[in-house]
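Working notes, beginning with the structure itself.
Everything quoted here is computed from the prediction, not taken from an experiment.
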Amino acid sequence: MKHLPRTVLITGGSQGIGFATAQKCLAEGCRVILIARDLGKLENARTRLEKSGYAAANIHLAVGDMEDCDALPDLVSRLPWIADGLWGLVLNAAVEILKPAR
């Protein structure tokens with residue numbers, strides 16, 4: 001029986017810790033699903049990953065806002081590899097609100 005590659009879904013996967021996590025997962029032989037709000041940043045992340053030698057076939061991009069709970073079921077239903085099950089889930093999406101300290 002052939003084993004399917006492990007799949008890891010990473011929210012906030014287009015930059016920072018999410019991007020670094022995607023690199024590590026790909027290096028370990030996983031497929032990654034990167035979710036972020038900005039398509040341009042996602043496409044840039046994929047380009048950078050491909051230039052590092054990771055196969056485009058193992059990288060899926062999905063635009064989504066984790067704050068929009070009503071849209072999440074539809075988003076998840078359109079993701080590839082989900083029917084095979086997830087090996088990992090990295091909930092990394094974050095919002096940074098900068099305010100002066102007083």
Side-chain angles (χ1 to χ4, degrees):
M1 179 175 168
K2 184 178 177 183
H3 292 278
L4 294 170
R6 298 171 295 177
T7 300
V8 178
L9 188 151
I10 304 169
T11 67
S14 64
Q15 55 190 0
I17 294 169
F19 180 80
T21 303
Q23 287 176 303
K24 178 66 174 166
C25 291
L26 288 163
E28 295 293 324
C30 297
R31 304 181 289 198
V32 296
I33 300 169
L34 305 181
I35 299 177
R37 292 181 291 191
D38 187 301
L39 179 59
K41 288 180 181 178
L42 281 167
E43 289 172 339
N44 180 270
R46 177 176 48 205
T47 298
R48 291 171 48 210
L49 292 168
E50 289 174 9
K51 285 183 178 180
S52 295
Y54 301 113
N58 291 329
I59 305 165
H60 179 80
L61 309 179
V63 175
D65 186 346
M66 297 300 101
E67 196 172 5
D68 186 355
C69 295
D70 293 334
L72 292 178
D74 181 56
L75 172 66
V76 171
S77 73
R78 292 181 281 116
L79 296 176
W81 313 319
I82 294 294
D84 300 332
L86 288 177
W87 186 77
L89 174 61
V90 180
L91 300 174
N92 187 61
V95 174
E96 180 178 3
I97 301 171
L98 301 175
K99 293 183 179 181
R102 296 178 197 234

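Nearest heavy atoms, Ala45 versus Gly13: CB-O, 4.4 Å. Across all non-hydrogen atoms, the minimal contact from Val8 to Trp87 is CG2-CE3, 3.8 Å. Scanning all heavy atoms of the two residues, the minimum distance from Ser14 to Arg48 falls at O-NH1, 4.4 Å. Between Arg6 and Glu28 the shortest heavy-atom distance is NH2-O, 2.6 Å. Between Trp81 and Thr7, the closest heavy-atom pair is CB-OG1, 3.7 Å. When every heavy atom of Val32 is checked against every heavy atom of Cys25, the shortest pair comes out as CG1-CB, 3.7 Å.
If you chain together hydrophobic residues whose side chains sit under 4.5 Å apart, Leu61 and Val76 never meet in one group. Clustering ILVMFWY residues whenever any of their side-chain heavy atoms sit less than 4.5 angstrom apart, transitively, puts Leu42 in a cluster other than the one holding Met66. In the hydrophobic clustering of ILVMFWY residues, with side-chain heavy atoms under 4.5 Å counting as a link, Leu72 and Leu79 come out together. Residues Leu34 and Phe19 fall within the same hydrophobic cluster, defined by Ile, Leu, Val, Met, Phe, Trp and Tyr side chains chained together at heavy-atom separations under 4.5 Å.
For the atom pair Glu50 CD and Asn58 CG, the distance stands at 10.5 Å (nearest 0.5 Å). If you take NE2 on His60 and CD1 on Ile35, they are separated by 8.0 Å, rounding to the nearest 0.5 Å. Rounded to the nearest 0.5 Å, atoms CG (Asp65) and OG1 (Thr11) are 10.5 Å apart.
Residues satisfying the side-chain contact (heavy atoms from CB on, under 4.5 Å) criterion with Leu4, sequence neighbours excluded, are Asp84. Residues that satisfy the side-chain contact (heavy atoms from CB on, under 4.5 Å) test with Asp74, not counting sequence neighbours, are Ser77, Arg78.
No more than 12 heavy atoms of other residues, nucleotides or ligands shown are found within 6.0 angstrom of CD1 on Ile17.
The closest side-chain heavy-atom distance from Leu26 to Leu49 is below 4.5 Å.
Residue Ile33 is tested with Leu89, Ile82, Ile10 for a side-chain contact (heavy atoms from CB on, under 4.5 Å); the sole match is Ile82.
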